[in-house]
Amino acid sequence: MNNLPWLLLLLPLLAAALDWLCFRKNPGAATAVSLISVLLTLGLTLAIYAGLCAGTPDAYVWMSDGLLNLHLGLTLDTLAVRMMLVVTGIGSLIHIFSIGYMKGDPSNLSRYFAGLSIFMFSMTMIVLADNLAMTFIGWEMVGFSSYLLIGHWFHKASAADAAKKAFITNRVGDFGFLIGILLTLFVFGTLDFGEMAGKANLMQGGVLTVIVLCLFCGAVGKSAQFPLHVWLPDAMEGPTPVSALIHAATMVAAGVYMLVRLQVSMGASAFTDTACTVIAAVGGITALLAALMAMQQDDIKRVLAYSTLSQLGYMVMAVGLLAGEAAMFHLYTHAWFKALLFLGAGAIIVCCHHEQNIWKMGGLLRRMPGTAICFLMGTFALIAVPGFSGFYSKEAILEAALEKNPTFFWLGAAVAALTTFYMTRLCLVTFLGRPRAHGAEQAKEAGATMLLPLILLAVMAVIAGYGCVADSLVPFEGFRAHGFSVGLPFYAGLGSLALGILAAVAFYGCGCRKQDPLAGNFVSTALRRRLYIDDIYDKGLIGGLQHFVSVAIGCIDLAIIRGLIAETLAWITGRIGMLLGWLQCGCLRGYAAVVGIGFIIMMLLFAFQWAH
């Protein structure tokens, strides 16, 4: 019974193996295996949460040489178990939604559901790992599984390129993460989370700063923080359920979860003032830049992608302010309503004949009322309408920011106003007015397998922030939702909400416009081009680096390999050939002279040796 929690890892891994090896040509069986696996892991997680599976699971020795002891073990504390509820709960709904969304898709569905299962295995390993070494294994497996899922439609060049971009960009952050793990082992003498407590007080602040910032590099990659944020919007090339699972609710939240896990394990004292300032600044900059970019995106999934970047910036900023409880509260509420928004966008895309441009939609509130209402509830949670879950978690972050650093408070309030603006713009253009294209005219309500998960997620988008629910489910030890107080954060939140709605209505009316009135100017173009950050990477960094390397290699080839080595050897060989050609002249007297000279040399050597 103590080892039953290991099934949380083994069930999705077994499902992935069966789908890949046994049911590659039987998509129905592959779908059933993956769905049963994720439902069983959800049931087992609920059993562990309820205390039905008590005890400590066995740990298995991986490597031991007296100095370095690594093992595979599970941690089942409050942080891990409640995070597993989020992962398996949303994962189950996304598996169900995928059945309807991928129906009739010509791609290999067995490969798709195998990818979902291997992702569930990877994410579970990150959540339940009791040491950094095991965390890193799950970290890399998550990168691998996201590569498979983003590039599921690999016949599309854009999807294949997006998968490679996500994989390579994450390797940059993971390199820093690996250095941080090695430094942690050298300084702390252990990688086990349970053995790190109290040791930070014995170390110098500079060493701790370097360790924390190196580990933070992993979160910058996985949680798509500036400057490694560029992979997440392109990852929308994958199927929409993948976007909901990986890029809204679970994988991108792994960085925030890891940072909070380190704060709990090492202690808040390990996060020095310098490290906290850097972390909070990176989160705040990401939140602001992503919100600005989202204002002028026309692809419904890209709007949500930049919204995810912005909200993750909120969470990272809260971690930097040493408000881990607020970060995990927002991670928890965000997981439900952002999964709802992505799945709602997926239902809209399918019912509009795979159209993703919001300016080719319109009037969907009448044609898809159930989907539209669910999407609007997710929107209300995201823009922090009072009474919805996002309102309470956003207030918690703003209160922490006001207490720790007012600069980040006003930054958070500005981001809240921008969030309200671009989400109101999205809803006005998509759901109101008249259809602007044939797909919107022919749209009809989504099927039951897609609508049921939307309804359940919509319920969570409303109730997840209330204390009666949040106190039991927010993945943080001892969390208690204290509601909100009528103070500056409350007024700033309401002001941001009102300002964003009024600005969006002023520019976009009731959705009757046929094109964006803000498009066409320099600012709009810059925002649509992602503030040219991707261009700088592609043409400046990558292109410039490739050009520099190619020139350097060309110089080495011409000067050293060709000039110094190849041509010198050719010259020496030619001269040796000329000498041997002179000796092999065909003249008998010349041959006799060579033999005579050789005989004389041999006699001299023999005499020299005999004399000694």
For [X], give me all partners under salt bridge (charged side-chain N to carboxylate O under 4.0 Å, His left out), at least two apart in sequence or on another chain.
| X | value |
| --- | --- |
| Glu355 | none |
| Arg261 | Asp77 |
| Lys222 | Asp174 |
| Asp516 | Arg425, Arg528 |

Taking atom [atom1] of [X] as the centre, does the number of heavy atoms from other residues, nucleotides or ligands within less than 6.0 Å exceed 12?
| X | atom1 | result |
| --- | --- | --- |
| Phe136 | CZ | yes |
| Phe599 | CZ | no |
| Asp273 | CG | no |

Are any side-chain N or O atoms of [X] and backbone N or O atoms of [Y], one a donor and one an acceptor, separated by less than 3.5 Å?
| X | Y | answer |
| --- | --- | --- |
| Thr573 | Leu569 | yes |
| Arg302 | Gln297 | no |
| Ser146 | Gly143 | yes |
| Asp557 | Ile553 | no |
| Thr286 | Gln225 | no |
| Asp192 | Glu195 | no |
| Asn131 | Ala133 | yes |
| Ser223 | Val252 | yes |
| Tyr257 | Val127 | yes |
| Ser37 | Leu11 | yes |

If you compare all heavy atoms of [X] against all heavy atoms of [Y], which two are closest, and at what distance to 0.1 Å?
| X | Y | result |
| --- | --- | --- |
| Ala235 | Ile150 | CB-CD1, 3.6 Å |
| Ala327 | Val256 | CB-CG1, 4.3 Å |
| Ala291 | Val415 | CB-CG1, 4.2 Å |
| Leu304 | Leu341 | CD1-O, 3.5 Å |
| Ile179 | Cys214 | CG2-SG, 4.1 Å |
| Leu208 | Ala270 | CB-O, 3.7 Å |

Answer yes or no: is there a side-chain heavy-atom contact under 4.5 Å between [X] and [Y]?
| X | Y | value |
| --- | --- | --- |
| Thr41 | Thr124 | no |
| Leu232 | Tyr306 | no |
| Met123 | Leu245 | no |
| Tyr532 | Asp535 | yes |
| Arg24 | Arg111 | no |
| Met236 | Asp299 | no |
| Asn521 | Ser524 | yes |
| Ser110 | Lys25 | no |

- Salt-bridge test for Arg171 and Glu140: reply yes if a basic N is under 4.0 Å from a carboxylate O, no otherwise.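 Yes, this pair counts.
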- Query: How many angstroms lie between CG in Leu8 and CG in Leu74, if you round to the nearest 0.5 Å?
  - Reply: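 Leu8 CG to Leu74 CG: 7.5 Å, rounded to 0.5 Å.
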- Query: If you round to the nearest 0.5 Å, how far is CG of Leu132 from CG of Leu185?
  - Reply: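 So the gap between those two atoms works out to 9.5 Å.
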- Message: Test of understanding: with ring pair (Phe, Tyr, Trp, His ring centres under 6.0 Å), list the residues that count as partners of Phe606, not counting sequence neighbours.
- Response: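 By the ring pair (Phe, Tyr, Trp, His ring centres under 6.0 Å) rule, Phe606 matches no residue at all.
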Under the rule for side chain to side chain donor-acceptor pair (under 3.5 Å), what residues qualify as partners of [X], not counting sequence neighbours?
| X | answer |
| --- | --- |
| Lys165 | Asp234, Asp534 |
| Trp231 | none |
| Thr75 | none |
| Ser98 | Tyr112 |

- Message: Within the 3.5 Å criterion, strictly below it, is a donor on Asn108 or His152 matched to an acceptor on the partner's side chain?
- Response: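 Per modelled atom types, Asn108 and His152 side chains form no pair under 3.5 Å.
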- Task: Kindly state each residue pair satisfying side-chain hydrogen bond (donor to acceptor under 3.5 Å, both in side chains) with at least one member in residues 311-320, sequence neighbours excluded.
- Result: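 Residue pairs with at least one partner in residues 311-320: Gln311-His330.
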Atom pairs and distances, side-chain donor-acceptor, residues 115-122, under 3.5 Å, sequence neighbours left out:
unit_1 : atom_1 : unit_2 : atom_2 : d
Ser117 : OG     : Ser34  : OG     : 2.9
Ser117 : OG     : Phe113 : O      : 3.2
Ser122 : OG     : Ile118 : O      : 2.7
Ser122 : OG     : Met141 : O      : 3.4

- Query: So Phe177 and Trp139, would you call those rings parallel, tilted or perpendicular, with 30° and 60° as cut-offs?
  - Reply: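 Because their plane-to-plane angle lies in the 30° to 60° range, the rings of Phe177 and Trp139 count as tilted.
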- Message: Asp105: which residues meet the side chain to side chain contact (heavy atoms under 4.5 Å, CB included) condition with it, sequence neighbours left out?
- Response: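 Side chain to side chain contact (heavy atoms under 4.5 Å, CB included) check on Asp105 returns Met102, Ser107, Leu109, Trp153.
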